[in-house]
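Here the structure is laid out as structure tokens; the discussion comes afterwards.
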Amino acid sequence: MNPFEEKAKPIEKALQNWQELYPKPYDKREVDPYTKTRIILMNGTEFEANWFSHQFARHVSDNDLRRDLALTREVEKQQQLKISLLKPQDETPLEHTIGYEQLAVDLTAELAKREADCNVKKALDFALLEDFDHLYRYSNLLEMEQGVYAEWLVGRYTEIMPGRPTIAHHRHPVDNVRFSINSKKADTQTVLSTMIITAAEQQTMNYYMNITNFACTDRGRRLYEEIALVEEEHVTQYESLMDPNGTWLEMLLWHEYCECYLYWSCYQTETDSRIKKLWAQNLEFEISHLHKAEELLKKYEKKEWQEVIKDAEFPKPLCLHENIEYVRQILGSTVQYTSEKEEYKKIKDLSPDADFFRYQAIINPTTQIVPSHLVICDYIRKNGADYRFQVAPSPVPELRDRRKDNTCVGRKPNATESTDFFCNKN
Ligand SMILES: [Fe+2]
Ligand SMILES: [Fe+2]
Ligand SMILES: [Fe+2]
């Protein structure tokens, strides 16, 4: 499928009235977990499309161009609102959070599995273990505060157990910047993956930023505060991978192309027939946006789309599904890693004056004030053991004890051996 070869309708045809804009939400008792994660992913993709367009409009002076951007941007906003309202009223913010972290785990794993660029794959595998740990911390909070077992929300497709402990995620900001890709040389899949994961993590960061002060308890507010800051790190990491050299109009073309790819993927993989129709409708809207972006690129920069996207045939559809074996493999091999500038290093190989330890001393002067640790301590105190859903013991022996929350893995130089990151090429 090449979306440039599809017929496009005028952009205005996508505008909807209030009746059309307000969808019937899914039933939280019956919805497939991956339908929920697709909804969160597309909510985040539309936010990125809308917000990119706002930034673009603030950096050009031609009002004809700004008017064209305003029209498409309005459609992107309508799309985002309608998709976000598929979440029902009776799904609590904390239950919805479980969907965010399941998306982070299974989207990251799926993108990592298909990634040919080793630098990009390492970044995905690296943050994968962190979102995997967030899922565990929020799940314990959810059971403690609302009596809900998160394993039923994730459909038992994603394990719930410690990853690289959240206390170890707090790196000095300089250690989160990676090398960027070159979209003229990279595979189409690689360019798409850097954009998709950045939008998804940015959505997660914004969601936590917005709900932190609405959490019902002190414990919840503190946990969201801590994890929101980790998501800031993830956004820093992933946006640094994206090609920084495209012009605004070239990047507009890539954004619309990426939206087309994702709606096409959602359409191909959706199991709910009603929501599948919504993906089909949105794909049609995006094809119009893409053709508009193509026209603007021609008009203002005298460029053809082929000069920007060398291979416009879509890669295989992005499919969200379980990745239990893959996550276990990455957990077992790389849990003891942190990053230093653009590189990944085992904690035991860092010099004692590394920025990582300096920053850890600032933010975690003692484990006794770290919310992600305290939430598990509270749970263990009340229940005797933490809450987990596992298909087998953890591949990391130090993370098997359900009566003690480990705060050393990935943070303190100790004896455990990790192997190394695995690349798909070479
Ligand atoms: Fe859109
Ligand atoms: Fe994340
Ligand atoms: Fe769009």
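All of these numbers come straight from a predicted model, not from anything done at the bench. One-based numbering, in listed order, for ligands and for the atoms of each.
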**Complete:** Output for pair (Leu69 CG, Phe56 CZ), nearest 0.5 Å, gives 5.0 Å

**Prompt:** Does Glu231 bring an N, O or S atom to under 2.8 Å of the Fe ion (ligand 2)?
**Reply:** yes

**Prompt:** Which single N/O/S atom of Glu256 lies at minimum distance from the Fe ion (ligand 3)?
**Reply:** OE1

**Complete:** In Glu201, the N/O/S atom nearest the Fe ion (ligand 2) carries the name OE1

**Asked** Can you find a heavy atom in the side chain of Thr166 that is under 4.5 Å from one in the side chain of Glu130?
**Response** no

**Asked** What class does the angle between the rings of His291 and Phe4 fall in, given that below 30° is parallel, 30 to 60° is tilted and above 60° is perpendicular?
**Response** tilted

**Message:** So, of the N/O/S atoms that His234 has, which is the nearest one to the Fe ion (ligand 2)?
**Reply:** ND1

**Item:** Angle, OE2 of Glu46 through the Fe ion (ligand 1) to OE2 of Glu259 - 10° precision
**Value:** 90°

**Request:** Examine all N, O or S atoms of His289, backbone included, and report whether one is under 2.8 Å from the Fe ion (ligand 3).
**Result:** yes

**Asked** Has Asp131 got an N, O or S atom lying less than 2.8 Å from the Fe ion (ligand 2)?
**Response** yes

**Donor-acceptor contact below 3.5 Å, side chain Asn323 vs main chain Ala109** = no

**Message:** Restricting to N, O or S, what is the name of the atom of Glu286 that lies nearest the Fe ion (ligand 1)?
**Reply:** OE2

**Name of whichever N/O/S atom of Glu76 is nearest to the Fe ion (ligand 1)** = OE1

**Asked** Is the Tyr257-Trp254 ring centre distance short of 6.0 angstrom?
**Response** yes

**Request:** Confirm or rule out an N/O/S atom of Gln79, from backbone or side chain, lying less than 2.8 Å from the Fe ion (ligand 1).
**Result:** yes

**Request:** Go through the steps to decide whether His169 and His134 satisfy the test ring-ring contact (aromatic ring centres under 6.0 Å, His included), and finish with yes or no.
**Result:** CA-CA 10 Å; His169 304 176; His134 299 166; 5.1 Å; yes

**Message:** In the structure I gave you, are the side-chain heavy atoms of Gln281 and Leu278 within less than 4.5 Å of one another anywhere?
**Reply:** yes

